[in-house]
Structures are given as C-alpha cells and as structure tokens.
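Take a look at the structure below.
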Amino acid sequence: YLERTNKSIERLTYIVKDLDMIAKLESGMKLQQETFNIVKTINDVFEILEIQADKKNITLDFIEPHPYPILVRADKKKIEQVLINLLSNSINYGRVNGSTFVSIKSQSAHKILVSVIDNGLGIDQKNLPRLFERFYRIDKSRSREQGGSGLGLAIVKHILEAHDQQIFVESELDKGSTFSFTLNKVVQP
C-alpha cells in the first residue's frame, strides 16, 4: 500500500509541476535567452534518461556524430525540458530493443532543425491534429501504465511558441514517429 501511495504521490507531483509550467507559459513567462551548445545539451539529456531507456533496452544516440559545437540562442533550461519531454515520450512509447535517434540539420543560415526519431508504436493520423492539446491521450487504456500527466507535448508546444519556433510531427502507426523543432542558430563569423 505504501508503494502504491508513493507512486500516486509522485504522479500527482508531476501533474502539479506540469500544470504550473503550463500556467506560467500561458501567462507569458520570461525566457532567459543565452547562447549554448545544443549538442552538449542533447548529450546531457541522454544521460538523464539513460536508466529509463535501459529498462526497455532502447538505444539513444545521434544519427550522425557532431564533433563540433552547434551554438543556438534560446532559454537553455526550457529547451532542455523540450528534449526531456520528447525523448521521454519516445522511450515510453518505444519498442523493447528499439532505438531513438536525434538529428540536427541546418534549415537555413539562421535556423537548425532538431529531430527526435524513433521506431516505436507510432501514432494514427487521426490523432495528430489533437496531439499537442492539454490532457489529450491517444491510448487512454495505457495512461496509467505509462504515467505522465498528458501535458508533456502541450508544454513542448508552448515553450517553442514562446521562442517563436515551430514544431512538426510525422508518424506512422506501428513504424514510429519523428518530432522536429526549429531553433535559432548562432552564426559565427
């Protein structure tokens, strides 16, 4: 009973934190813009989620190595939250012995496109339009098993919109999903 109570308390804590984050984002939370290396930030998030991925034997890696820093200008903590939410979802809805890769591509002289690509369960096309709504769950029967608040993707969208950036999703049922978002690149002379 104590273990169940503890899990329930943890879940409620996550929901309260997510609701607080959504409320702050919707009321116009100020961003702390800074220049940082997105490659290092992604590697840091890989380390945070390594244990979660290991439980399902899911590989976390880049599609191609990035030996040099890729500098972006954004609120580092908020972009880290975006990455945690996207990668965590990829693991939660991923296949045992699956993989999740991150791709960073130059979209223009001043923008990059960061993509989180997995070979997980995928999402039916009919669910894609509502995916970023608060509390929207694709498979309500699995929500207790997966945990979470149903706010992760709504938070991602709000953070990126606060940065004047875009998010995209492509998915095919039983084949996997790709979530991509833009960031402002710091152009070095």
Side-chain angles (χ1 to χ4, degrees), residues 18 21-50 53 58-94 99-120 122-123 125 127-134 136 151-172 175-189:
D18 285 351
M21 174 74 80
I22 283 277
K24 286 178 180 174
L25 288 167
E26 287 180 345
S27 66
M29 176 190 283
K30 295 228 181 219
L31 300 174
Q32 303 296 318
Q33 299 275 346
E34 62 182 290
T35 299
F36 62 96
N37 178 2
I38 190 67
V39 176
K40 181 179 181 333
T41 301
I42 292 167
N43 276 318
D44 292 346
V45 171
F46 283 166
E47 286 180 20
I48 291 168
L49 298 174
E50 188 175 28
I58 292 177
T59 303
L60 298 175
D61 205 354
F62 285 97
I63 283 185
E64 58 188 55
H66 296 283
Y68 303 104
I70 298 173
L71 300 179
V72 296
R73 182 126 183 104
D75 185 317
K76 184 179 178 184
K77 288 184 180 177
K78 300 288 185 294
I79 297 305
E80 189 174 85
Q81 185 66 53
V82 165
L83 290 163
I84 288 170
N85 288 8
L86 292 177
L87 286 163
S88 187
N89 276 356
S90 178
I91 294 165
N92 285 340
Y93 297 100
S99 56
T100 294
F101 292 100
V102 174
S103 164
I104 304 172
K105 294 183 179 174
S106 188
Q107 192 178 35
S108 71
H110 300 283
K111 283 212 189 278
I112 63 166
L113 185 70
V114 178
S115 299
V116 175
I117 305 150
D118 67 52
N119 62 351
I123 304 162
Q125 297 298 306
N127 292 309
L128 292 180
R130 297 192 60 202
L131 204 55
F132 295 98
E133 291 178 13
R134 282 184 267 163
Y136 184 71
L151 292 169
L153 290 177
I155 288 170
V156 164
K157 184 178 180 194
H158 278 290
I159 289 172
L160 292 170
E161 286 177 348
H163 282 84
D164 293 321
Q165 300 301 317
Q166 295 177 296
I167 184 155
F168 311 96
V169 61
E170 297 174 25
S171 190
E172 194 172 335
K175 293 198 175 174
S177 302
T178 300
F179 286 84
S180 304
F181 62 93
T182 58
L183 283 175
N184 289 331
K185 180 168 48 173
V186 175
V187 180
Q188 299 177 359

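Predicted model only: the values in this text are computed from it and were never measured. Keep in mind that the numbers below use all heavy atoms, side chains included, and drop hydrogens, waters and symmetry copies.
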Heavy-atom donor-acceptor pair, His110 side chain to Val187 backbone, under 3.5 Å: no
Main chain of Ile42, side chain of Glu80: is a donor-acceptor contact present, judged purely on distance under 3.5 Å? no
Interatomic distance, Leu60 atom CG to Ser90 atom OG [nearest 0.5 angstrom]: 7.5 Å
Please find the pair of heavy atoms, one from Ser106 and one from Ser108, that lie closest to each other, and give the distance. OG-O, 3.2 Å
Beyond-backbone contact of Asp118 with Phe179, side-chain heavy atoms, under 4.5 angstrom: no
Note: Asn85 and Gly152 closest approach over all heavy atoms is ND2-O, 3.1 Å
Rounded to the nearest 0.5 angstrom, the CG-OG1 distance for Leu86 and Thr178 is 11.0 Å
Heavy atoms of Ile104 and His66 approach each other most closely as O-CE1, 3.7 Å
One should read off an interatomic distance between Glu161 CD and Ile167 CD1, to the nearest 0.5 angstrom, of 9.5 Å
Looking at Leu49 and Ser88, what are the two nearest heavy atoms and their distance? CD1-N, 3.8 Å
Apply the test side chain to side chain contact (heavy atoms under 4.5 Å, CB included) to residues Val39 and Tyr68: give CA-CA distance (whole Å), side-chain angles for both, the deciding distance (0.1 Å), then the verdict. CA-CA 8 Å; Val39 176; Tyr68 303 104; over 6 Å; no
Out of the candidates Gln33, His163, Gln165, only one should pair with Asn184 under the side-chain hydrogen bond (donor to acceptor under 3.5 Å, both in side chains) rule; please name it. Gln165
Here the pair of heavy atoms bringing Lys76 nearest to Glu34 is CB-OE2, 3.5 Å
Can you tell me how far the OG atom of Ser103 sits from the CD atom of Glu64, to the nearest 0.5 Å? 6.5 Å
Looking only at non-hydrogen atoms, find the nearest pair between Gly122 and Ser177 and report the distance. CA-OG, 3.7 Å
Quick one: do the Ser180 and Ser115 side chains pair a donor with an acceptor below 3.5 Å? yes
So, do Phe36 and Val72 sit near enough that their side-chain heavy atoms are less than 4.5 Å apart? yes
Atom pair CD1/CG of Ile155 and Leu160 - distance to nearest 0.5 Å: 12.0 Å
When you look at Leu87 and Val102, which way does the side chain to side chain contact (heavy atoms under 4.5 Å, CB included) test go after all the steps? CA-CA 9 Å; Leu87 286 163; Val102 174; 4.1 Å; yes
Measuring only between side-chain heavy atoms, which start at C-beta, is Phe46 closer than 4.5 Å to Thr100? no
To the nearest 0.5 Å, what is the distance between CD1 (Ile84) and NZ (Lys77)? 11.5 Å
